[in-house]
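In each ligand, atom 1 is the first atom listed, and ligand 1 is the first ligand listed. Hydrogens, waters and symmetry mates are skipped; everything else that's a heavy atom, side chains included, is used. For clarity, every value in this text was computed on a predicted model and none was experimentally measured.
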Amino acid sequence: MTAKDKIRLTIRGFQTIHELLPGYLPFAAVKAVLEALLPFINIYMSGRIVTAVAQKAGWRELAILALITVVLNLLTTLLLNLMTRVANAKSGNFWYIADLPLDRKIQTMDYEYVEDSQIHAKRSNITLKRRSMGRGLPRLYWWYFNTGIKGLFQLIFSIALVIGAFTAKPVQTGSAWDFVFSPWCTVLLILLFLLSLCWDVYNQAASTRKGNSIIEGFSDVTRVSQYYYGLLIDYKMGKDLKLYQMRDSILREFESFNSAINQMMSKWQGVEAWYQSLSTVNATVISGLIYLYVALKALFGAFGVGSIVTYVGSLTQFKDGFSALVNMLSDVFINAEILQEVFDFIDMPDKKYHGTLPVEKRAFCDGGDNEYEIEFRNVSFRYPGSEAYALRNVSIKFRVGERLAVVGMNGSGKTTFIKLLCRLYDPTEGEILLNGIDIRKYDYNEYLSIFSVVFQDFKLFSFSLGQNVAASVDVDEDRARSCLEKAGFGDRLQSLPKGLGTCLYKDFEEDGVEISGGEAQKIALARALYKNAPFIILDEPTAALDPISEYEVYSKFNDIVGDKTAVYISHRLSSCRFCDNIVVFDNGQLVQRGSHDQLLAEQGGKYHELWYAQAQYYVSDTLK
Ligand code: ADP
């Protein structure tokens with residue numbers, strides 16, 4: 001990575017912080033300049049007062065100088081206090097929002113990435129460096145302002161005050177120390193200063209590199225430890241942990257991971273401390289030389305006692321500013337490498353083609369003719385990185401208003417069929433058409449808006465019941481209530497004192513309700529109905545129920561979906577037998593299509609085989 005790239009990344013980092021914390025950066029810069037200025041008020045004024053005393057000035061002049069010092073100090077300190085409060089209020093939550101650009105990316109990236117563990121490893125590596133070393137965006141946010149800008153101005157102010165020491169001429173000449181007054185001595189000092197700067201930059205870079213490699217070596221341990229910690233604090237895990245008496249062993253594992261992490265931290269801090277000491281020695285030597293220079297000049301009468309006070313004070317500030325600035329400069333370059341990881345993640349290109357065509361609003365609820373037709377044309381699909389086909393040569397057409405059941409054994413490709421239909425993945429071969437147009441050509445969000453899917457592993461949130469149904473903070477209460485009633489949750493809703501305002505789970509509200517698996521399914525079904533999309537897909541959200549209950553939920557749902565297209569997925573044939581249009585998947589292929597009676601009549605067919613294989617587990621009377 002070239003220096004130009006690093007500067008570009010740093011500038012982009014600042015732009016990102018500016019977007020996250022609008023108005024904070026210029027404010028913090030002004031505050032840092034004021035912080036740098038404060039000590040110089042005293043340094044400069046002390047010099048003036050000492051000079052005045054040495055020149056036997058009157059008390060009036062001394063009193064005015066003292067008054068100016070007090071007033072300047074007071075004003076600057078008050079202003080700084082005020083600015084610090086405002087700055088904290090502006091940026092107090094930065095630590096929590098620093099990963100927001102990454103989180104946004106995860107929400108919008110291709111689904112293929114979401115299922116990719118490599119992507120999650122990358123993301124947690126960035127977070128780890130941020131949490132353990134404050135690297136990435138946070139470094140720009142506090143380090144450069146609190147240290148960098150302040151250091152730069154400490155340097156500027158101290159050079160402005162000390163410059164007189166370099167130009168001052170001696171009273172007497174001709175001694176062996178004349179060299180101190182020659183321009184060569186100034187050149188030598190500047191060279192030594194630059195040398196020391198390079199040495200410090202080199203050391204800082206080495207320190208950060210070693211720190212990074214130590215932390216990266218432990219990134220897997222840290223991820224696992226975070227998972228264990230999550231288990232310990234997630235009360236929903238309570239039952240399983242207690243019953244299987246897992247808590248002690250998880251705690252032991254967690255502690256052993258933690259002690260490994262502590263070892264890593266102490267190793268890293270050791271490296272930091274070593275390089276910090278080198279930097280301190282460096283800054284002390286260089287400022288010692290400048291002290292010596294000033295002292296020798298003073299000795300030969302180049303300036304008076306007041307200037308000595310100013311120069312010595314300024315030199316202390318110079319030393320601090322110098323070491324802060326050097327630290328920051330080397331840090332900019334190291335931090336840019338982590339910023340590169342951050343922006344590589346954010347810029348990860350989507351592989352999917354994103355079309356722009358709007359989806360025609362043809363649903364009845366939009367005043368349309370409800371004419372939607374989906375066609376799979378010779379579709380085959382392999383998951384990324386997998387050699388085996390999950391779907392092979394699938395061709396099928398179905399129209400809005402139709403009911404379709406997709407059955408087949410576990411692993412036969414049913415969920416993959418739905419994932420392709422909802423464009424979570426694109427087919428490897430063949431195409432999927434909506435009203436005759438390849439679905440890739442439609443605007444993705446518009447296309448998604450025509451589907452409501454309830455997956456087997458659907459999630460409800462610790463929000464109010466109404467918000468869960470509306471999947472939004474804005475709830476149309478009448479619609480939410482009616483959907484819950486249709487989904488069979490009406491009686492339970494009546495029994496809840498806070499109705500739709502009842503919080504699910506106890507994460508945030510003491511009177512939040514714990515809901516059963518069956519109730520959760522009803523809420524998830526209500527959510528699908530609330531979306532009012534022309535296609536509703538149930539991908540075995542009822543798998544935890546027994547086959548007869550699943551049949552009841554599916555067939556009841558079939559009655560309430562009205563004019564919508566419903567697709568029912570199940571590995572249990574009995575659950576979908578009410579449907580006139582059943583497709584059978586086997587080994588990624590669509591092998592049969594027809595009504596229950598037609599399919600059962602096809603002796604030797606997959607449906608016939610599966611039906612009789614499964615029937616022995618069910619109460620046969622109810623399955624006929
Ligand atoms: P079903 O829904 O019928 O149980 P799936 O569509 O989930 O079947 O799976 C079909 C095949 O694709 C299976 O062999 C499964 O192992 C494989 N598969 C499913 N998801 C993934 C994935 N994310 N990556 C790789 N292979 C997958």
Side-chain angles (χ1 to χ4, degrees), residues 106-107 109-123 348 350-352 374 376 378-396 398 403-430 432 439 451-459 521 524 528 535-547 550-551 553-554 557 566-577 579 581-593 599 605-611 613-614 617:
I106 290 190
Q107 295 307 322
M109 64 181 22
D110 279 354
Y111 187 75
E112 167 175 343
Y113 290 134
V114 177
E115 286 200 333
D116 186 343
S117 64
Q118 298 272 337
I119 299 288
H120 294 285
K122 266 190 198 168
R123 155 71 207 267
M348 213 166 1
D350 279 345
K351 291 185 190 164
K352 252 202 244 151
I374 292 274
F376 275 58
N378 225 1
V379 170
S380 297
F381 177 71
R382 276 193 313 236
Y383 280 97
S386 167
E387 287 298 306
Y389 277 92
L391 283 187
R392 213 181 232 299
N393 296 330
V394 173
S395 293
I396 183 174
F398 55 97
R403 308 291 152 83
L404 180 75
V406 181
V407 299
M409 295 205 312
N410 282 330
S412 59
K414 304 181 297 295
T415 299
T416 308
F417 172 73
I418 298 304
K419 284 181 181 167
L420 293 189
L421 176 61
C422 299
R423 259 207 102 189
L424 295 181
Y425 290 92
D426 281 335
T428 316
E429 289 147 36
I432 304 169
I439 59 172
F451 295 102
S452 266
V453 189
V454 192
F455 283 110
Q456 183 166 353
D457 56 352
F458 67 84
K459 295 279 182 280
Q521 274 153 11
F535 287 84
I536 293 199
I537 300 162
L538 306 190
D539 186 0
E540 305 198 73
T542 42
L545 299 182
D546 60 81
E550 182 176 81
Y551 171 78
V553 171
Y554 272 26
F557 196 77
V567 181
Y568 303 101
I569 314 278
S570 184
H571 66 283
R572 294 189 286 219
L573 275 46
S574 62
S575 308
C576 297
R577 66 188 191 279
C579 198
N581 191 5
I582 302 173
V583 291
V584 186
F585 273 79
D586 184 34
N587 239 338
Q589 285 181 306
L590 198 163
V591 289
Q592 279 177 294
R593 184 171 184 176
L599 292 170
K606 192 72 196 171
Y607 192 88
H608 185 272
E609 176 199 325
L610 282 177
W611 178 266
Q614 292 179 354
Y617 300 114

Any idea which part of M409 is under 4.0 Å from ligand 1, heavy-atom wise: side chain, backbone, both or neither?
backbone
Looking only at protein heavy atoms, which one is nearest to [atom], and what is the separation?
{"atom": "atom 22 (C) of ligand 1", "answer": "Y383 CD2, 3.4 Å"}
{"atom": "atom 23 (N) of ligand 1", "answer": "E115 OE1, 2.9 Å"}
{"atom": "atom 13 (C) of ligand 1", "answer": "G411 O, 3.8 Å"}

Do K122 and Y113 make a side-chain contact, defined as non-hydrogen atoms from C-beta onward lying under 4.5 Å apart?
no
Under a 4.5 Å cut-off applied to non-hydrogen side-chain atoms, are I432 and P427 in contact?
yes
Show me which atoms of ligand 1 lie under 4.0 Å from any heavy atom of [X].
{"X": "N410", "value": "4 (O)"}
{"X": "T416", "value": "5 (P), 6 (O), 9 (O), 10 (C)"}
{"X": "G413", "value": "1 (P), 3 (O), 6 (O), 8 (O), 10 (C)"}
{"X": "A390", "value": "11 (C), 12 (O)"}
{"X": "S412", "value": "1 (P), 3 (O), 8 (O)"}

How about atom 27 (C) of ligand 1: does it have a protein heavy atom within less than 4.0 Å?
yes
Nearest protein heavy atom to atom 5 (P) of ligand 1: under 4.0 Å?
yes
N or O contact, T415 vs ligand 1, cut-off under 3.5 Å
yes
Who are the ring pair (Phe, Tyr, Trp, His ring centres under 6.0 Å) partners of F585, not counting sequence neighbours?
F417
Is a side-chain donor-acceptor pair under 3.5 Å present for S412 with D586?
no
What do the steps show when you test R593 against N581 for side chain to side chain donor-acceptor pair (under 3.5 Å), and what is the final call?
CA-CA 7 Å; R593 184 171 184 176; N581 191 5; 3.0 Å; yes
Which label fits Y383 and F381: parallel for a plane angle under 30°, tilted from 30 to 60°, or perpendicular past 60°?
perpendicular
Over 60° means perpendicular and under 30° means parallel, so classify the ring planes of F535 and F451, tilted if in between.
tilted
Within less than 4.0 angstrom of ligand 1, does S386 place any heavy atom?
no
For the side chain of E540 and the backbone of H571, is there at least one donor-acceptor N/O pair under 3.5 Å apart?
yes
List the atom of K606, the atom of Q592, and the distance in Å for their closest heavy-atom pair.
N-OE1, 3.1 Å
